[in-house]
Amino acid sequence: IYTYAKKVNLFIDPEKVRNKDLEIELNIKDIEYVINAYDSQINYIDSCIGKLIYKLKEMNLYNKTIIIIMGEHGEQLMDRDSFGHCLPYEEIVRVPLIIKHPKIKGKRINGLVQCIDLMPTILKFLNFPILETCQGKSLLPLIKRGKTINRYTYTDGAPIAVQSIRTERWRFNDWEGRPDELFDIRSAPNKNIISKYPDIVKKLRKRLLKWRLKNAKFKEKLARIEHP
């Protein structure tokens, strides 16, 4: 657990941490060092991607190759007085997704997508059928025609006891053991305003419950396929 100047309310209860050596107090220089190290990793990855593209062009394969760059997760760099990447906040959940396709002109696209949408998108690129065990959706309609694919996206915080739902405007975090949260992504992305919008919370909580039930049915279906 990394904290700055004082102990803060983290997703891991300090009272339950057996190894007290995990709790470290950082000063400004420590924080700057960690952030600089993180930035250096980004720079290194950027240089590796550049080498890959250079080699593909050298081999005359660049215009025949689909390149997809996606982040697994973002990172809290003391955004909320802590480091980490297991909580359902924008700086962690929102990740880069860059797709280079030889036959699709480059452009910036606005729309909600999920990491699980990547596999069916690749299958569609290659004209392969999408398996019934695939939960995601192909992004081709969004890429080619700007068609909305997801009105809602979801995040499961396992092993952290929290699940989250996101719309174009709202993010609702349903916690177990701590107060729930509602954020207005457009105007107050870091301020919990759950008490001001009970109707929005009710709607998103209901939608989140439907997602949980859908996942439960999917797991049952998957079990029948794997063990008929």
Side-chain angles (χ1 to χ4, degrees), residues 34-77 79 83-158 164-169 171 185-186 189 211 214-215 218-219 221-222 225-226:
V34 173
I35 293 175
N36 288 339
Y38 187 83
D39 288 343
S40 70
Q41 290 180 333
I42 295 174
N43 184 65
Y44 172 70
I45 293 297
D46 184 71
S47 68
C48 291
I49 293 171
K51 291 177 181 178
L52 172 63
I53 291 175
Y54 176 83
K55 194 65 178 178
L56 288 171
K57 289 181 176 179
E58 185 181 61
M59 298 172 67
N60 294 319
L61 293 174
Y62 181 74
N63 292 324
K64 302 176 183 178
T65 304
I66 299 171
I67 300 175
I68 300 175
I69 301 170
M70 184 183 73
E72 180 185 10
H73 55 72
E75 196 75 24
Q76 273 183 277
L77 298 173
D79 303 84
F83 289 101
H85 51 244
C86 295
L87 301 181
Y89 298 121
E90 286 298 291
E91 60 269 20
I92 297 173
V93 177
R94 188 174 182 180
V95 298
L97 174 58
I98 303 171
I99 300 176
K100 176 265 174 191
H101 192 290
K103 297 182 180 180
I104 299 176
K105 186 178 180 180
K107 57 184 174 179
R108 183 182 293 271
I109 301 173
N110 292 319
L112 293 175
V113 303
Q114 302 186 103
C115 295
I116 57 174
D117 296 331
L118 191 57
M119 185 179 76
T121 302
I122 294 172
L123 291 175
K124 278 294 184 180
F125 278 155
L126 303 175
N127 295 317
F128 290 154
I130 297 177
L131 304 176
E132 61 177 322
T133 52
C134 180
Q135 285 184 290
K137 304 173 184 177
S138 169
L139 298 176
L140 257 64
L142 173 64
I143 295 170
K144 292 185 175 182
R145 302 190 299 275
K147 181 180 178 181
T148 299
I149 299 299
N150 298 300
R151 292 179 58 210
Y152 306 93
T153 58
Y154 305 90
T155 303
D156 192 334
S164 181
I165 180 172
R166 166 80 145 83
T167 70
E168 290 285 355
R169 179 176 179 181
R171 176 174 293 282
I185 303 301
R186 297 175 183 171
W211 174 73
K214 183 179 178 181
N215 273 354
F218 177 80
K219 289 179 180 179
K221 178 181 179 181
L222 192 62
I225 293 173
E226 292 180 345

How long is the gap from [atom1] on [X] to [atom2] on [Y], to the nearest 0.5 Å?
X      : Y      : atom1 : atom2 : result
Thr155 : Trp211 : OG1   : CH2   : 7.5 Å
Ile98  : Ile68  : CD1   : CD1   : 11.5 Å
Ile99  : Ile69  : CD1   : CD1   : 10.5 Å

Legend entry - Side chain proximity check, Tyr38 to Ile42, heavy atoms < 4.5 angstrom: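 Result yes, sub-4.5 Å side-chain heavy-atom pair found.
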
Legend entry - Taking every non-hydrogen atom, the tightest pair across Val95 and His73: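 That would be CG1-CA, 3.4 Å.
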
Inset, instruction - Locate the shortest heavy-atom distance separating Glu168 from Ile185; write the atom from each residue and the value. - result: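 Heavy-atom minimum between the residues: O-CB, 4.4 Å.
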
Inset, instruction - Please determine, by modelled atom types, if Arg171 and Ser164 share a side-chain donor-acceptor pair under 3.5 angstrom. - result: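 Side-chain D/A pair, Arg171 to Ser164: present.
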
Donor-acceptor contacts, no H, no angles, side chain residues 100-126, under 3.5 Å, sequence neighbours left out:
residue: Lys100; atom: NZ; partner: Tyr62; partner atom: O; Å: 2.3
residue: Lys100; atom: NZ; partner: Thr65; partner atom: O; Å: 2.9
residue: His101; atom: ND1; partner: Lys103; partner atom: N; Å: 3.0
residue: Lys107; atom: NZ; partner: Ile143; partner atom: O; Å: 2.6
residue: Gln114; atom: OE1; partner: Tyr154; partner atom: N; Å: 2.9
residue: Asp117; atom: OD1; partner: Lys137; partner atom: N; Å: 2.8
residue: Asp117; atom: OD2; partner: Gln114; partner atom: N; Å: 2.9
residue: Asp117; atom: OD2; partner: Asn150; partner atom: ND2; Å: 2.9
residue: Thr121; atom: OG1; partner: Asp117; partner atom: O; Å: 2.6
residue: Thr121; atom: OG1; partner: Leu139; partner atom: N; Å: 2.9

Show me the side-chain donor-acceptor pairs of residues 49-58 shorter than 3.5 Å, one per line, residues at least two apart or across chains.
residue: Lys55; atom: NZ; partner: Glu58; partner atom: OE1; Å: 2.9

Legend entry - Residues forming a salt bridge (charged side-chain N to carboxylate O under 4.0 Å, His left out) with Glu75, sequence neighbours excluded: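 Counting only residues at least two positions away or on another chain, Glu75 forms no salt bridge (charged side-chain N to carboxylate O under 4.0 Å, His left out).
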
